[in-house]
Amino acid sequence: MKIEREQVILSLLDTISGVADKEYQQRVWVRGEGPECDDFGETVCNFFGDGDPILEHYKEYGLTEEQYHVLKTFRDEFEIFANDYTEAFEFVDSPEWAVIVEKAKGVLKAFNYKKS
């Protein structure tokens, strides 16, 4: 059970790493260049699919209070974009999105996550 939870957290952090990486967004989400096969909509589904259950049961997932609050703040702001935009080219260069990118980097830092 613990290994499954760790895998879910790693999957979530991998999804967030795409939100934190402007070059990735331009290359994969906007231009559709590989080798990854991903888009903003898939990122949104993956994030909320993994993230909401983790936030609802964060103690069971072993998150610290700081990790919980950083992730929750990111989630709430990311949800605004998910509700307002469907295509990355509409927002990827906006100042509002830059704030989301920085918050995503803050989540990765709080979890000491380095993409492998």
Side-chain angles (χ1 to χ4, degrees):
M1 201 59 174
K2 182 178 186 217
I3 292 172
E4 287 177 18
R5 288 187 182 131
E6 289 172 0
Q7 286 303 114
V8 172
I9 291 171
L10 285 175
S11 176
L12 177 68
L13 295 173
D14 190 51
T15 298
I16 294 170
S17 74
V19 177
D21 186 344
K22 290 278 291 190
E23 188 278 327
Y24 175 85
Q25 295 158 23
Q26 288 288 353
R27 181 174 54 81
V28 178
W29 293 356
V30 176
R31 296 192 307 267
E33 298 172 4
E36 302 89 352
C37 186
D38 186 20
D39 62 25
F40 180 67
E42 188 172 338
T43 296
V44 169
C45 288
N46 290 340
F47 175 78
F48 289 103
D50 289 339
D52 284 350
I54 290 171
L55 285 167
E56 289 171 19
H57 305 283
Y58 74 97
K59 289 185 180 182
E60 293 172 28
Y61 281 88
L63 271 62
T64 66
E65 291 293 324
E66 177 194 357
Q67 289 170 329
Y68 170 80
H69 289 292
V70 169
L71 183 58
K72 176 81 167 88
T73 299
F74 171 77
R75 183 234 179 266
D76 293 346
E77 294 191 28
F78 187 59
E79 184 178 35
I80 293 167
F81 267 85
N83 288 334
D84 289 346
Y85 298 98
T86 57
E87 299 294 333
F89 69 84
E90 298 173 323
F91 64 80
V92 79
D93 290 322
S94 72
E96 296 84 5
W97 183 249
V99 171
I100 298 295
V101 168
E102 288 306 310
K103 293 224 180 262
K105 289 177 183 178
V107 171
L108 299 178
K109 183 177 179 184
F111 282 83
N112 296 314
Y113 177 80
K114 303 275 189 272
K115 188 166 178 129
S116 48

(request) Could you tell me whether the side chains of E87 and W29 share a donor-acceptor contact shorter than 3.5 Å? (result) no
(request) Please check if the side chain of Q25 supplies one atom and the backbone of V19 the other of a donor-acceptor pair under 3.5 Å. (result) yes
(request) List the atom of D38, the atom of E42, and the distance in Å for their closest heavy-atom pair. (result) OD1-CB, 3.6 Å
(message) As an exercise, state the distance from CD1 of I16 to CZ of R75, rounded to the nearest 0.5 Å.
(response) 11.5 Å
(message) Taking the side chain as everything from C-beta on, heavy atoms only, tell me whether V101 gets closer than 4.5 Å to W97.
(response) yes
(request) Using the side chain to side chain contact (heavy atoms under 4.5 Å, CB included) rule, take K59 and Y68 through it: C-alpha gap first, then chi angles, then the decisive distance, then the call. (result) CA-CA 9 Å; K59 289 185 180 182; Y68 170 80; over 6 Å; no
(request) Classify the side-chain pair E65/Y58 by whether it contains a donor and acceptor separated by less than 3.5 Å. (result) yes
(request) Find the distance between CG (D76) and CZ (F74) and round it off to the nearest 0.5 Å. (result) 10.5 Å
(message) Taking Q7's backbone N and O only, do any of them form a donor-acceptor pair with S11's side chain (distance below 3.5 Å, no angle check)?
(response) no
(message) Quick check: Y85 with F40 (ring centres under 6.0 Å apart)?
(response) no
(message) Given 3.5 Å as the limit, does a donor-acceptor pair link the side chain of Q67 with the main chain of T64, or not?
(response) yes
(message) According to side-chain contact (heavy atoms from CB on, under 4.5 Å), who are the partners of Y61, at least two apart in sequence or on a separate chain?
(response) R5, V8, I9, I54, H57, L63
(request) Could you grab the distance from atom CZ of F48 to atom OG1 of T15, nearest 0.5 Å is fine? (result) 11.5 Å
(request) Would you give the length of the straight line joining atom CG of L71 to atom CG of L55, rounded to the nearest 0.5 angstrom? (result) 4.0 Å
Distance-only donor-acceptor hits, side chain of residues 102-112, under 3.5 Å, sequence neighbours excluded:
unit_1	atom_1	unit_2	atom_2	d
E102	OE2	K105	NZ	3.3

(request) Answer yes or no: is there a donor N or O on one side and an acceptor on the other, between the side chain of K22 and the main chain of A98, under 3.5 Å? (result) no
(request) Calculate, to the nearest 0.5 Å, the distance between atoms CZ and CD1 belonging to F91 and I100 respectively. (result) 9.5 Å
(message) Checking R31 now: which residues fulfil salt bridge (Lys or Arg N to Asp or Glu O under 4.0 Å) with it, not counting sequence neighbours?
(response) E33
(message) Grouping I, L, V, M, F, W and Y whenever their side-chain heavy atoms are under 4.5 Å apart, do V99 and V92 come out in a common cluster?
(response) no
(message) Rounded to the nearest 0.5 Å, what separates atom CG in L12 from atom CG in N46?
(response) 9.5 Å
